[in-house]
Amino acid sequence: SAWVKEPYDTSRNGSRDAFLARIVPDGAQGGWKLDHWSYFGGASDDESVGLVIAADGVLYLAGRTYSTDFPMAGNSAQTENKGEGDVFVMRYNPFWDGYDTLEYSSYLGTAVAEVPLAVAANAKGWVTVAGYTSAGELPEGALNSPLQPSNRGGTDAFVFTFNTRGEASATLLMATLFGGYGTDLANAVEMDEAGRVYVAGMTMSSDLPLDGPSYQAEYHENGDAFLVILDPSQASFDQLDYATFFGGYDLDVAMGMRRTADGLIWLTGYTVSDDFPLSAGAFQTMKMGYVDAWVAAVDPTKAGADFVRYSSYLGGEGTEVGYAVTQGPDGKITVGGYTNS
């Protein structure tokens, strides 16, 4: 009920705005009702790609904007739209009213398009946006020198981490590209309370930077999933804590990720590989269609076979793609995606 306050913006500003809505149980009717709604945007197109609710109830939104008048708030890392669609990140406090709800907002981008795909946050007020770009260089203003300052291939992943409670000109903790000579996409991101950033996606680069006890140190051709752990508090090569390929000898893509309280990383996505790495006790040990979803729990602190705590195909005779994975209060894991089986 503390949420039912005046939203930030009740009017649409351009042809396409980002929005936030909360739907809650309606006790009187036994159904559901809309109890909070807000637009976010400027005069051009704005779209959100993700929403995170941190442990303190504050919300973090990220997306892409073409507007030169997107609303800014707090100590923005970048106050101007630099080009063909910049990333935006926002901290929205629903326990305040009206314009006070927007506690932080910033652009981040270059003259070349950045395409955000995922957002994560923690209770420290840190938020990370990940995606991909063909930009040759990074946006300026990060506090620490980047792991990878320049694009190594046509399309590289990017990872931007902000401290939304930071001092003026000190809110961009980390900005780095990540990839090799091929195409690299960051499709999912998570954060822990210490601030480490977990990124998963797809790579077609055999020279992807690796670190730690990599479960799979060699690229298996045709596109592999990857998992990387970055530390925004460090600089340059010290930002890379862990990285591994993960997949079989055909296309494998990680699309969704959730880090659980026991430190495991749950991943889901899709695969064309008949030899995708599986665990003992897998629910489904054979690929059923040309493209199957998969779900896996991995432990990046462990080497060798101990890395894969659980891994299974998930699919029928058609196509399945896993987009998201999460853990409920009962500890059970839920995977969402689509199927035509």
Enquirer: How about Val159 and Thr128: do any of their side-chain heavy atoms sit closer than 4.5 Å?
Expert: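 A side-chain contact exists here, since the closest heavy-atom pair is under 4.5 Å.
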
Enquirer: Do Tyr249 and Ser273 make a side-chain contact, defined as non-hydrogen atoms from C-beta onward lying under 4.5 Å apart?
Expert: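 No, every pair of side-chain atoms sits at 4.5 Å or beyond.
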
Enquirer: Take a 6.0 Å sphere around CZ of Arg165 and say whether it holds more than 12 heavy atoms from other residues, nucleotides or ligands.
Expert: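 Yes, because the 6.0 Å sphere around CZ of Arg165 holds more than 12 heavy atoms from other groups.
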
Enquirer: Counting N and O atoms only, with roles assigned by atom type, does the side chain of Glu317 sit under 3.5 Å from a partner on the main chain of Met288, one being a donor and the other an acceptor?
Expert: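 No; judged by distance alone, with no hydrogens or angles, the pair does not exist.
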
Enquirer: Among Phe95, Trp3, Phe19, exactly one meets ring pair (Phe, Tyr, Trp, His ring centres under 6.0 Å) together with His36. Which residue is that?
Expert: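 For His36, the ring pair (Phe, Tyr, Trp, His ring centres under 6.0 Å) check succeeds only for Trp3.
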
Enquirer: Any side-chain to backbone donor/acceptor pair from Thr244 onto Tyr215? Under 3.5 Å, distance only.
Expert: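 Yes, because the side chain of Thr244 sits within donor-acceptor range (under 3.5 Å) of the backbone of Tyr215.
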
Enquirer: Between the side chains of Glu47 and Arg16, is the shortest nitrogen-to-carboxylate-oxygen separation below 4.0 Å, so that they form an ion pair?
Expert: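 Salt bridge flag = yes for Glu47 with Arg16.
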
Enquirer: Output yes when a side-chain donor or acceptor of Thr319 lies under 3.5 Å from a complementary backbone atom of Val291, and no otherwise.
Expert: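 No.
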
Enquirer: Donor-acceptor pair, distance only, cut-off 3.5 Å: does the side chain of Asp17 make one with the backbone of Tyr39?
Expert: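 Between the backbone of Tyr39 and the side chain of Asp17 there is no qualifying donor-acceptor contact (under 3.5 Å).
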
Enquirer: Could you go through the ring pair (Phe, Tyr, Trp, His ring centres under 6.0 Å) check for Tyr198 and Tyr242 one step at a time?
Expert: CA-CA 9 Å; Tyr198 302 73; Tyr242 181 85; 9.5 Å; no

Enquirer: Going by distance alone, is a donor N or O of one side chain under 3.5 Å from an acceptor N or O of the other, for Asp45 and Ser15?
Expert: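 Side chains of Asp45 and Ser15: pair found under 3.5 Å.
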
Enquirer: Indicate if Val321 and Tyr313 have the same hydrophobic cluster label, given that clusters are the connected sets of ILVMFWY residues with side-chain heavy-atom separations under 4.5 angstrom.
Expert: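 Per the 4.5 Å side-chain linkage, Val321 and Tyr313 are not co-clustered.
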
Enquirer: Is the Trp294-Phe276 ring centre distance short of 6.0 angstrom?
Expert: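 Yes, they do, as the ring centres are separated by less than 6.0 Å.
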
Enquirer: Taking the ring of Tyr104 and the ring of Tyr60, is the distance between their centroids below 6.0 Å?
Expert: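 Not close enough - the centres of the two rings lie 6.0 Å or further apart.
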
Enquirer: Among side-chain atoms of Asn93 and Glu103, is any donor-acceptor pair under 3.5 angstrom?
Expert: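 Their side chains do contain a donor-acceptor pair, which is all the 3.5 Å distance test asks for.
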
Enquirer: Evaluate the side chain to side chain contact (heavy atoms under 4.5 Å, CB included) criterion for residues Phe70 and Asp46: first the C-alpha distance (whole Å), next the side-chain angles of each, then the deciding distance (0.1 Å), finally the verdict.
Expert: CA-CA 8 Å; Phe70 194 87; Asp46 316 283; 3.5 Å; yes

Enquirer: Do other residues, nucleotides or ligands put more than 12 heavy atoms under 6.0 Å from Glu167 CD?
Expert: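 Counting other residues, nucleotides and ligands, CD of Glu167 stays at 12 neighbours or fewer.
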
Enquirer: Does Arg22 pair with Asp35 as a salt bridge, N-O distance under 4.0 Å?
Expert: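 Salt bridge present between Arg22 and Asp35.
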
Enquirer: State plainly whether one hydrophobic cluster holds both Val129 and Tyr92, where clusters connect Ile, Leu, Val, Met, Phe, Trp and Tyr through side-chain heavy atoms under 4.5 angstrom apart.
Expert: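 Looking at the clustering, Tyr92 is in a separate group from Val129.
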
Enquirer: Please check if the side chain of Gln234 supplies one atom and the backbone of Leu240 the other of a donor-acceptor pair under 3.5 Å.
Expert: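 Not at all, since once roles are kept as given, no pair shorter than 3.5 Å links the two residues.
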
Enquirer: Are more than 12 heavy atoms from other residues, nucleotides or ligands located less than 6.0 Å from atom CH2 of Trp96?
Expert: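 Count not over threshold, so no.
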
Enquirer: Enter the distance from Asp26:CG to Trp32:CH2 here, rounded to the nearest 0.5 Å.
Expert: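 Taking CG in Asp26 and CH2 in Trp32, the distance rounds to 10.5 Å.
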
Enquirer: Determine whether a donor-acceptor pair (N or O, by modelled atom type, separation under 3.5 Å) exists between the side chain of Ser236 and the backbone of Asp238.
Expert: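 Such a contact is absent between Ser236 side chain and Asp238 backbone.
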
Enquirer: So, Gln78 side chain and Gly109 main chain: donor-acceptor pair closer than 3.5 Å or not?
Expert: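 It does hold such a pair.
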
Enquirer: Per the side chain to side chain contact (heavy atoms under 4.5 Å, CB included) rule, which among Leu177, Thr155, Leu208 passes with Asp184?
Expert: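 So, applying the side chain to side chain contact (heavy atoms under 4.5 Å, CB included) to Asp184 and each of Leu177, Thr155, Leu208, only Leu208 qualifies.
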
Enquirer: Strictly below 4.0 Å, N to O, side chains only: are Arg258 and Glu190 in salt-bridge contact?
Expert: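 Between Glu190 and Arg258 there is a salt bridge, with a charged N closer than 4.0 Å to a carboxylate O.
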
Enquirer: Give the intermediate values and the outcome of side chain to side chain contact (heavy atoms under 4.5 Å, CB included) for residues Tyr132 and Val115.
Expert: CA-CA 5 Å; Tyr132 67 90; Val115 182; 3.6 Å; yes

Enquirer: Against Glu320, only a single residue in Thr339, Asn340, Thr271 fulfils side-chain hydrogen bond (donor to acceptor under 3.5 Å, both in side chains); can you say which?
Expert: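 Checked Thr339, Asn340, Thr271 against Glu320; only one passes side-chain hydrogen bond (donor to acceptor under 3.5 Å, both in side chains): Thr339.
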
Enquirer: To the nearest 0.5 Å, tell me how far Tyr219 OH sits from Ser206 OG.
Expert: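 With rounding to 0.5 Å, OH (Tyr219) is 7.5 Å from OG (Ser206).
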
Enquirer: Measure the shortest side-chain to side-chain distance between Thr68 and Glu80 over non-hydrogen atoms and say whether it is less than 4.5 angstrom.
Expert: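 Thr68 vs Glu80: side chains apart.
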
Enquirer: Is it the case that the side chain of Asp97 and the backbone of Glu6 share a donor-acceptor pair, with hydrogens and angles ignored and the cut-off at 3.5 Å?
Expert: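 Side chain of Asp97 to backbone of Glu6: a pair is present.
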
Enquirer: Go through the steps for Tyr310 and Phe283 under the test ring pair (Phe, Tyr, Trp, His ring centres under 6.0 Å), then give the verdict.
Expert: CA-CA 9 Å; Tyr310 182 82; Phe283 168 73; 8.7 Å; no

Enquirer: Any Lys/Arg nitrogen of Asp207 or Arg152 sitting under 4.0 Å from an Asp/Glu carboxylate oxygen of the other?
Expert: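 Counted as a salt bridge, because a side-chain N and a carboxylate O are separated by less than 4.0 Å.
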
Enquirer: Would you mind reporting whether Met174 and Leu230 have side-chain heavy atoms less than 4.5 Å apart?
Expert: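 Leu230 vs Met174: side chains touch.
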
Enquirer: Could you see if Trp266 belongs to whatever hydrophobic cluster contains Val298? Use Ile, Leu, Val, Met, Phe, Trp, Tyr and a side-chain cutoff under 4.5 Å.
Expert: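 Each belongs to a different hydrophobic cluster.
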
Enquirer: So, does Ser311 use its side chain to make a donor-acceptor pair with the main chain of Ala296 at under 3.5 Å?
Expert: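 Between the backbone of Ala296 and the side chain of Ser311 there is no qualifying donor-acceptor contact (under 3.5 Å).
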
Enquirer: Starting at CG of Leu278, measure out to NZ of Lys287 and round the result to the nearest 0.5 Å.
Expert: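 One finds 12.0 Å between CG of Leu278 and NZ of Lys287.
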
Enquirer: Measuring only between side-chain heavy atoms, which start at C-beta, is Asp9 closer than 4.5 Å to Pro7?
Expert: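 Answer no - side chains too far apart.
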
Enquirer: Calculate, to the nearest 0.5 Å, the distance between atoms CG and CE belonging to Asn187 and Met255 respectively.
Expert: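 Rounded to the nearest 0.5 Å, the CG-CE separation comes out at 5.0 Å.
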
Enquirer: Show your reasoning for whether side chain to side chain contact (heavy atoms under 4.5 Å, CB included) applies to Leu59 and Leu51.
Expert: CA-CA 7 Å; Leu59 285 76; Leu51 164 70; 3.5 Å; yes

Enquirer: Show, in sequence, the C-alpha distance, side-chain angles and deciding distance for Val112 and Glu137, and conclude whether the side chain to side chain contact (heavy atoms under 4.5 Å, CB included) test is met.
Expert: CA-CA 9 Å; Val112 178; Glu137 304 295 332; over 6 Å; no

Enquirer: State, to 0.1 Å, how close Gly63 and Pro116 come at their nearest heavy-atom pair, and which atoms those are.
Expert: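 Minimum heavy-atom separation between Gly63 and Pro116: O-CG, 3.2 Å.
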
Enquirer: For residues Phe226 and Phe246, establish whether the separation of their ring centroids is below 6.0 Å.
Expert: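 No; Phe246 has its ring centre 6.0 Å or more from that of Phe226.
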
Enquirer: Can any side-chain N or O of Asn144 pair as donor or acceptor with the backbone N or O of Pro232 at less than 3.5 Å?
Expert: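 Yes, the answer is positive, given that a donor and an acceptor are paired below the 3.5 Å cut-off.
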
Enquirer: If you measure from the Lys or Arg side-chain nitrogens to the Asp or Glu carboxylate oxygens, is any gap between Arg196 and Asp192 under 4.0 Å?
Expert: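 Judged by the 4.0 Å cut-off on N to carboxylate O distance, Arg196 and Asp192 do form a salt bridge.
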
Enquirer: Spell out, yes or no, whether Met72 and Phe160 are grouped together once hydrophobic residues are joined by side-chain heavy atoms under 4.5 Å, including indirect joins.
Expert: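 They do not share one cluster, since no chain of ILVMFWY contacts under 4.5 Å joins Met72 to Phe160.
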
Enquirer: Got Leu210 and Phe245 here, is their nearest side-chain heavy-atom distance under 4.5 Å?
Expert: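 Answer yes - side chains close enough.
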
Enquirer: Out of Ile333, Thr301, Asp299, which residue meets the side chain to side chain contact (heavy atoms under 4.5 Å, CB included) rule with Leu264?
Expert: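 Answer after filtering Ile333, Thr301, Asp299: Asp299.
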
Enquirer: Once rounded to the nearest 0.5 Å, what's the spacing between atom CG of Asp224 and atom CE of Met202?
Expert: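 Interatomic distance, Asp224 CG to Met202 CE, rounded to 0.5 Å: 10.0 Å.
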
Enquirer: Does any non-hydrogen side-chain atom of Asp274 lie less than 4.5 Å from one of Asp250?
Expert: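 Counting from C-beta outward, Asp250 and Asp274 never come under 4.5 Å.
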
Enquirer: Count I, L, V, M, F, W, Y as connected when their side-chain heavy atoms are under 4.5 Å apart, and connections chain through other members. Are Leu102 and Ile53 then in the same cluster?
Expert: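 The answer is yes; both residues are in one hydrophobic cluster.
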
Enquirer: I'd like to check Leu147 versus Phe178 (side-chain heavy atoms, cut-off strictly below 4.5 Å). Are they in contact?
Expert: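 SC-SC contact between Leu147 and Phe178 confirmed.
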
Enquirer: Rounded to the nearest 0.5 Å, how far does CG of Leu267 lie from CE of Met257?
Expert: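 Met257 CE to Leu267 CG: 6.5 Å, rounded to 0.5 Å.
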
